[in-house]
Amino acid sequence: MRIDVLTLFPEMFEGVLGSSILGKALEKKLVDIRTVNFREFAFNKHNTVDDYPFGGGGGMVLKPEPIFRAVEHVTADDQGERRPRVILMCPQGETFTQRKAEELAREERLIFICGHYEGYDERIREHLVTDELSIGDYVLTGGELPAMVVIDSVVRLLPGVLGNEQSAVTDSFSTGLLEYPHYTRPAQFRDWTVPDVLLSGHHENIAKWRREQSLLRTLRRRPDLLEQAELTEKERQWLKEMAESPESK
Ligand code: 4FD
């Protein structure tokens, strides 16, 4: 996969792209990520990339020319085939989810546009962008952090990026339930012990306990997820009983 990021602040990406699993993925050439400062494509006297809004009002608006030119620059050698996804990070976009990460991970090319202003000239949205994404209902100073969030979640899904061990974690997310509680040594820390079942060595009981904990945790924290989750009829019935009787399990 190749990812181009159009930003006025390429230095913001250095730490994130150079560290941990993303850094390893780049080193191993499992993904090629390039940042492009689109100010380099503002061919006017002061290299301005923004301007006052037509019709008045506060704030600045990102001009179309530098963004269009930067996208045309990074796609200049493209062979045609599939048109790359051009993703605009903005609070009014579609909410980003694991499902969307899985969809983007199947692409061979992604282009991110990160803005810092009140908005983008609407012609960028209409004639350049294929996807508008938001990482959640809050406003940040720029689209860079949201783009890094999306890139991280997509790249970790690419073949070879995670070991087998960790890729199982993704599978458990796709069941649509929250994770069960994890414990490691020591079996007793201060006054706090680990649930007996986890020390029993009884794999069937452990699997049953973990499934119940996942179900209960999802019921209490994210009941909205239960509608989409893959549950047996027995599990739905059990959850209904748990929801009705507050005796905690
Ligand atoms: N929730 C997000 C994305 C960008 C952003 C910006 C219009 C603000 C939050 C266009 C307004 C860009 C998000 C930059 N804040 N700030 O994903």
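Order of listing sets the numbers, starting from 1, for every ligand and every atom in it. What's counted below: heavy atoms across the whole structure, side chains too, no hydrogens, waters or symmetry copies.
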Peer 1: Is it true that Asp78 and Arg83 make a salt bridge, defined as a side-chain N closer than 4.0 Å to a carboxylate O?
Peer 2: no

Peer 1: Mind checking whether Met148 and Leu22 have side chains closer than 4.5 Å, heavy atoms only?
Peer 2: no

Peer 1: So, the side chain of Ser214 versus the backbone of Leu178: is there a donor-acceptor pair under 3.5 Å, distance only?
Peer 2: yes

Peer 1: Answer yes or no: is there an ion pair linking Glu212 with Lys208, defined by an N-O contact shorter than 4.0 Å?
Peer 2: yes

Peer 1: Taking Leu133 as the fixed residue, which of Val149, Leu104, Thr97 is the one that meets the side chain to side chain contact (heavy atoms under 4.5 Å, CB included) rule?
Peer 2: Leu104

Peer 1: Where does Phe96 meet ligand 1, judged by heavy-atom distances below 4.0 Å: at the side chain, the backbone, both, or neither?
Peer 2: neither

Peer 1: Quick one: which ligand 1 atoms are inside 4.0 Å of a heavy atom on Gly115?
Peer 2: 14 (C)

Peer 1: Relative to ligand 1, is Pro146 under 4.0 angstrom through side chain, backbone, both or neither, heavy atoms considered?
Peer 2: side chain

Peer 1: Taking only heavy atoms of Ser134 into account, list the atoms of ligand 1 that are under 4.0 Å away from them.
Peer 2: 1 (N), 13 (C), 17 (O)

Peer 1: Evaluate Tyr138 for polar contact with ligand 1, using N/O atom pairs at a separation under 3.5 Å.
Peer 2: yes

Peer 1: Less than 4.0 Å between a side-chain N and a carboxylate O, is that true for Arg69 and Glu72?
Peer 2: no

Peer 1: Report yes if some N/O of Pro91 lies less than 3.5 Å from some N/O of ligand 1; otherwise report no.
Peer 2: no

Peer 1: Mind checking whether Gly136 has an N or O less than 3.5 Å away from an N or O of ligand 1?
Peer 2: yes

